[in-house]
Amino acid sequence: MAASRNLSLCLQGLILLFFAYCLIMVIANEVDSCENLHLGQYLCKDAKIDDATQEPENCKDSVAWVECMPAPKISCRLSNGTEFTFSGEEVGFNKTVPCRNVSGYSYRVAVALSLFLGWLGADRFYLGYPALGLLKFCTVGFCGIGSLVDFMLISMQIVGPSDGSNYIVDYYGARLTRLSITNETFRKTQSSP
């Protein structure tokens, strides 16, 4: 009786092992989505840069889309659910690249106005702050001190256009990226040496 029970348990274990193996084989042969390909399995085209804004042409909400082509003989699932094997020429998916929203204010013009005509408030008028521009005009740039402060703030890109957009800066120009502490980036406490 004990031998038949052990044989029954052994058969149940073998059946369970067989089903686990079949499940693993089905999962292993499952083709993944094209968006989940690893680096080296696809190549993305460069974003087309607009000459006027020096940002990608399709930039919207700080994101631009570029087309990506999977490598030859890579199989993946398209967004509509069909499995496709690529030859390296077809577009398989789109990927996002970060970009900056600009609305027509040039960094070079703002710095030049601030340097040469800041005492008249021309920099603030140009950036869309007419009240501060008028105040600087009436006080001759706050006796020169305000003009110097505004020149430093504009050249460090702390003061920007009034609509909240970014300056038009040459694509490889003096662009600043502000680092801040948010929920995604936090300061780690320093341990004493």
query = More than 12 foreign heavy atoms under 6.0 Å from CG of Asp46: is that the case here?
reply = no
request  = Would you check if the side chain of Tyr42 reaches a backbone N or O of Glu35 as a donor-acceptor pair within less than 3.5 Å?
outcome  = no
Any donor-acceptor N/O pair, Asn80 side chain to Thr82 backbone, under 3.5 Å = yes
message = Quick check: closest heavy atoms across Ser147 and Ser114, and the distance to 0.1 Å?
response = O-OG, 4.4 Å
key: Check: Lys136 side chain, Gly118 main-chain N or O, donor-acceptor pair, under 3.5 Å   = yes
query = Nearest heavy-atom pair of Ser165 and Tyr105: which atoms, and what distance?
reply = OG-CD1, 4.3 Å
query = Could you walk me through whether Ser75 and Thr85 pass the side-chain contact (heavy atoms from CB on, under 4.5 Å) check?
reply = CA-CA 4 Å; Ser75 295; Thr85 302; 2.8 Å; yes
remark   = CG (Leu115) and CG (Leu148) are apart, to the nearest 0.5 Å, by 10.5 Å
request  = Begin with the C-alpha distance, continue with both residues' side-chain angles, and end with the deciding distance and a verdict on side-chain contact (heavy atoms from CB on, under 4.5 Å) for Tyr107 and Ser155.
outcome  = CA-CA 8 Å; Tyr107 175 69; Ser155 63; 4.2 Å; yes
task = Is it possible for you to say whether Leu134 and Ile145 belong to one hydrophobic cluster, with membership spreading through side-chain heavy-atom contacts below 4.5 Å?
result = no
inquiry  = Donor-acceptor check, side chain of Asn166 to backbone of Val102, threshold 3.5 angstrom: yes or no?
reply    = no
task = Find out if the SG atoms belonging to Cys68 and Cys44 lie under 2.5 Å from one another.
result = yes
ask   = From Leu113 CG over to Arg108 CZ, what is the distance, rounded to the nearest 0.5 angstrom?
value = 14.0 Å
request  = First locate atom CD1 of Ile74, then atom CE of Met69, and finally report the distance between them rounded to the nearest 0.5 Å.
outcome  = 13.5 Å
Path from Val91 to Val97 over hydrophobic side-chain contacts below 4.5 Å = no
request  = Taking all heavy atoms of Ala110 and all of Tyr167, pick out the closest pair and write down the distance.
outcome  = CB-CE2, 3.8 Å
query = Less than 4.5 Å apart, any side-chain heavy atom of Asp150 and any of Leu132?
reply = no
inquiry  = Donor-acceptor check, side chain of Arg100 to backbone of Cys59, threshold 3.5 angstrom: yes or no?
reply    = no
inquiry  = Ring centres under 6.0 Å, that's the criterion: do Phe125 and Phe137 meet it?
reply    = no
query = Say you draw a straight line from CZ of Phe93 to OG of Ser33; how long is it, rounded to the nearest 0.5 Å?
reply = 8.5 Å
key: Test log, rule side-chain hydrogen bond (donor to acceptor under 3.5 Å, both in side chains), inputs Thr53 and Glu55   = CA-CA 5 Å; Thr53 62; Glu55 291 295 325; over 6 Å; no
